[in-house]
Structures are given as C-alpha cells and as structure tokens.
K.L.:
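The following block contains the structure, expressed as structure tokens.
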Amino acid sequence: MTTTDAVAAIRAHIRAFNARDLDALLAGFTDDAVWITGTTTVRGRAELTALFDEAMRGLLPTLEVHDLIA
C-alpha cells in the first residue's frame with residue numbers, strides 16, 4: 001500500500017464513521033482483520049462490527065483527522 005492509498009483509506013474510514021455507515025466502515029476490512037486501540041484488541045469481522053457499532057453510538061458528534069503520518 002502506498003502512502004497515498006493509506007491516507008485515502010483512513011479518510012474514507014473516518015467519513016464512513018462520521019456518516020454512521022457501518023457497512024461502508026467495514027468495507028475495507030478482511031475477515032481476519034485485527035484492530036488495536038489502547039489496551040483493546042479485536043479480531044475478525046464480528047468483533048470489528050460490534051466495536052465500531054458501539055463506538056458510533058458513543059463517540060459523538062464526529063471524528064476528525066488533525067495530523068496523519070502514513
């Protein structure tokens with residue numbers, strides 16, 4: 001993945017999150033994806049779906065990227 005691809009993927013992820021579009025948010029993840037945030041690690045689409053669904057309900061109003069290093 002190039003830097004441009006990584007930046008585009010992250011921006012698309014943020015747009016989907018802010019739109020509360022769970023399907024679009026998960027579109028780029030494979031079935032064996034792993035997401036690590038702080039001390040939490042989730043594995044696979046089912047766990048990712050639950051994590052993002054809960055996050056979209058609790059993190060309001062939106063996410064915003066200030067600095068991005070790819």
Side-chain angles (χ1 to χ4, degrees):
M1 178 178 284
T2 68
T3 298
T4 303
D5 293 339
V7 169
I10 291 167
R11 293 203 183 282
H13 180 81
I14 296 295
R15 274 192 307 275
F17 184 93
N18 289 341
R20 307 302 187 249
D21 186 342
L22 188 58
D23 291 332
L25 185 84
L26 293 167
F29 289 99
T30 60
D31 289 336
D32 61 347
V34 177
W35 186 272
I36 301 170
T37 177
T39 58
T40 302
T41 301
V42 295
R43 290 178 170 79
R45 261 183 107 71
E47 287 185 17
L48 282 168
T49 299
L51 173 75
F52 291 133
D53 183 56
E54 183 178 331
M56 286 190 294
R57 294 170 196 268
L59 296 176
L60 300 174
T62 58
L63 297 176
E64 184 178 328
V65 175
H66 288 276
D67 294 306
L68 178 61
I69 301 169

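Computed from a predicted structure; not experimentally measured. For reference, positions follow the sequence shown, starting with 1. The basis for the numbers below is simple: all heavy atoms, side chains too, and nothing from hydrogens, waters or symmetry mates.
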K.L.:
Could you go through His13 and Leu25, starting from their C-alpha distance and side-chain angles, then the distance that decides it, and tell me whether this counts as side chain to side chain contact (heavy atoms under 4.5 Å, CB included)?
P.N.:
CA-CA 5 Å; His13 180 81; Leu25 185 84; 3.4 Å; yes
K.L.:
Kindly give the heavy-atom pair with the smallest separation between Asp21 and Met56, and that separation in Å.
P.N.:
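Where Asp21 meets Met56 most closely, the heavy atoms are N-SD, 4.1 Å.
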K.L.:
Any sub-3.5 Å donor-acceptor pair from Arg11's side-chain atoms to Val65's backbone N or O?
P.N.:
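It does not hold such a pair.
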K.L.:
Look up atom CD in Glu64 and atom CG in Asn18, then write down how far apart they are to the nearest 0.5 Å.
P.N.:
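The CD atom of Glu64 sits 9.0 Å away from the CG atom of Asn18.
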K.L.:
Taking all non-hydrogen atoms of both residues, which atom of Phe52 and which atom of Phe17 are closest, and how far apart?
P.N.:
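Residues Phe52 and Phe17, closest heavy atoms: O-CE1, 4.5 Å.
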K.L.:
What's the spacing between Glu54 CD and Thr49 OG1 if we round to 0.5 Å?
P.N.:
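Taking CD in Glu54 and OG1 in Thr49, the distance rounds to 13.0 Å.
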K.L.:
Distance from Asp53 atom CG to Leu48 atom CG, nearest 0.5 Å?
P.N.:
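If we round to the nearest 0.5 Å, Asp53:CG and Leu48:CG are 12.0 Å apart.
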K.L.:
Testing the basics here: between Val34 and Arg43, what is the closest heavy-atom pair and its distance to 0.1 Å?
P.N.:
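Between these two residues, the closest heavy atoms are CG2-CG, 3.9 Å.
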